[in-house]
Amino acid sequence: MVLPGSNVVVGPCAGDARIKEVEFVKSSSRAKDCPKDDRPEFAILGRSNVGKSSLINSLVRKKEVALTSKKPGKTRLINHFLVNRSWYIVDLPGYGFAKASEAARMDWSSFTKGYFLNRDTLVAVLLLIDASVPPQKIDFDCANWLGRNNIPITFVFTKCDKMKAGKGKRPDENIRVFQELIRQNYRQHPPWIMTSSVTGLGRDELLLHMSQLRNYWNQ
Ligand code: GTP
Ligand code: MG
């Protein structure tokens, strides 16, 4: 069965996807300082303001587990949340924050790149793409960098509720164009899924997909 609003096929590996409890563990400013244990984790990555923290709150069904803001640049550290005492969700600072100084941007890349390259327990990166705006080069640059470093990604389209996107085109059109561009770069199309933190669209599907990835990883 293919999950609605995605290209994810559910197989025998899909397990219990429910989130029963979530606990904030710590904020780290360096990859070295992240929790040291062998529980699997998912990193939430994407442009500043794409909805990373909102997605985490939607997945765990709590309003303010991860702090959100209308102003970009709210999340500045690597934040670990422990789910069901068995796996982590990691909220990361956004990239492409135009107002950040050059030095702050360089700092972002060295510290998050350090995290990606050294985190053995990373199951996959959920790369969030704003579906309410046309495809952005910076998102492809990021996807390509992760691909070159063999880090598995799932594209998570956010803000799919914004059907009458002001300036941009409609989300379904933006997603179509985005996927067309991805197809030119990947032999195998990575998993993708449509979500909205406002309506809850795709929440259960994404949790099921993550449970499947965890179970593969655990094997
Ligand atoms: P940084 O931490 O600054 O990198 O941002 P972030 O990616 O964590 O974004 P955040 O979750 O703080 O959300 C940014 C803004 O987008 C907030 O005003 C949210 O309310 C809004 N937003 C997030 N997700 C959605 C969504 O699914 N639909 C709509 N309509 N708005 C959303
Ligand atoms: Mg955030």
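Remember, it's 1-based here, ligands and their atoms both numbered in the order they're listed. Model, not experiment: these values are computed from the prediction.
Of all atoms in ligand 1, numbered sequentially from 1 with element shown, those under 4.0 Å from a heavy atom of Ser54 are 10 (P), 11 (O), 13 (O), 19 (C), 23 (C), 24 (N). When each atom of ligand 1 is checked for a heavy atom of Ser197 under 4.0 Å away, the hits are 24 (N), 26 (C), 27 (O). Of all the atoms in ligand 1, the ones that sit under 4.0 Å from a non-hydrogen atom of Val198 are 26 (C), 27 (O), 28 (N), 29 (C), 30 (N). Within the listing of ligand 1, atoms 30 (N) sit less than 4.0 angstrom from a heavy atom of Lys162. Against a heavy-atom cut-off of under 4.0 Å, Ser196 is close to the following atoms of ligand 1: 27 (O). Annotation for ligand 1: atoms under 4.0 Å from non-hydrogen atoms of Lys52 are 1 (P), 4 (O), 5 (O), 6 (P), 7 (O), 8 (O), 9 (O), 11 (O). Atom numbering of ligand 1 starts at 1 in the shown order; those under 4.0 Å from a heavy atom of Gly94 are 4 (O).
The shortest N or O to N or O distance between Thr158 and ligand 1 is not under 3.5 Å. For ligand 1, the polar-atom distance check finds an N/O of Gly51 within less than 3.5 Å of one of the ligand's N/O atoms. In terms of polar-atom proximity, Thr195 is not counted as a contact of ligand 1, lacking any N or O under 3.5 Å from an N or O of the ligand. Taking only nitrogen or oxygen atoms, main chain and side chain alike, Asp91 does not reach within less than 3.5 Å of ligand 1.
In terms of modelled atom types and a separation under 3.5 Å, the side chain of Asp38 and the main chain of Asp120 share no donor-acceptor contact. Proximity of a side-chain donor or acceptor of Lys26 to a complementary backbone N or O of Asp33 within less than 3.5 Å is detected. Within the 3.5 Å criterion, the main-chain N or O of Ala17 finds no donor-acceptor partner in the side chain of Arg214. Side chain of Gln136 to main chain of Pro134: a donor-acceptor pair is present (N/O by atom type, distance under 3.5 Å, no hydrogens or angles). For the pair Asp161 (side chain) and Thr199 (backbone), a donor-acceptor distance under 3.5 Å is absent. Without hydrogens or angle criteria, Thr195 side chain to Gly202 main chain gives no donor-acceptor distance under 3.5 Å.
At least one heavy atom of Asp161 lies less than 4.0 angstrom from ligand 1.
Put simply, the residue from Trp87, Phe81, Tyr88 that forms a ring pair (Phe, Tyr, Trp, His ring centres under 6.0 Å) with Phe42 is Trp87.
At a cut-off of 2.8 Å, Ser54 does not coordinate the Mg ion (ligand 2) through any N, O or S atom.
By the salt bridge (Lys or Arg N to Asp or Glu O under 4.0 Å) test, Arg148 pairs with no residue at all, sequence neighbours left out.
When non-hydrogen atoms are compared, ligand 1 lies under 4.0 Å from neither the backbone nor the side chain of Leu55.
For residues 192-212, the set of pairs meeting the salt bridge (charged side-chain N to carboxylate O under 4.0 Å, His left out) definition, not counting sequence neighbours, comprises Arg61-Asp204.
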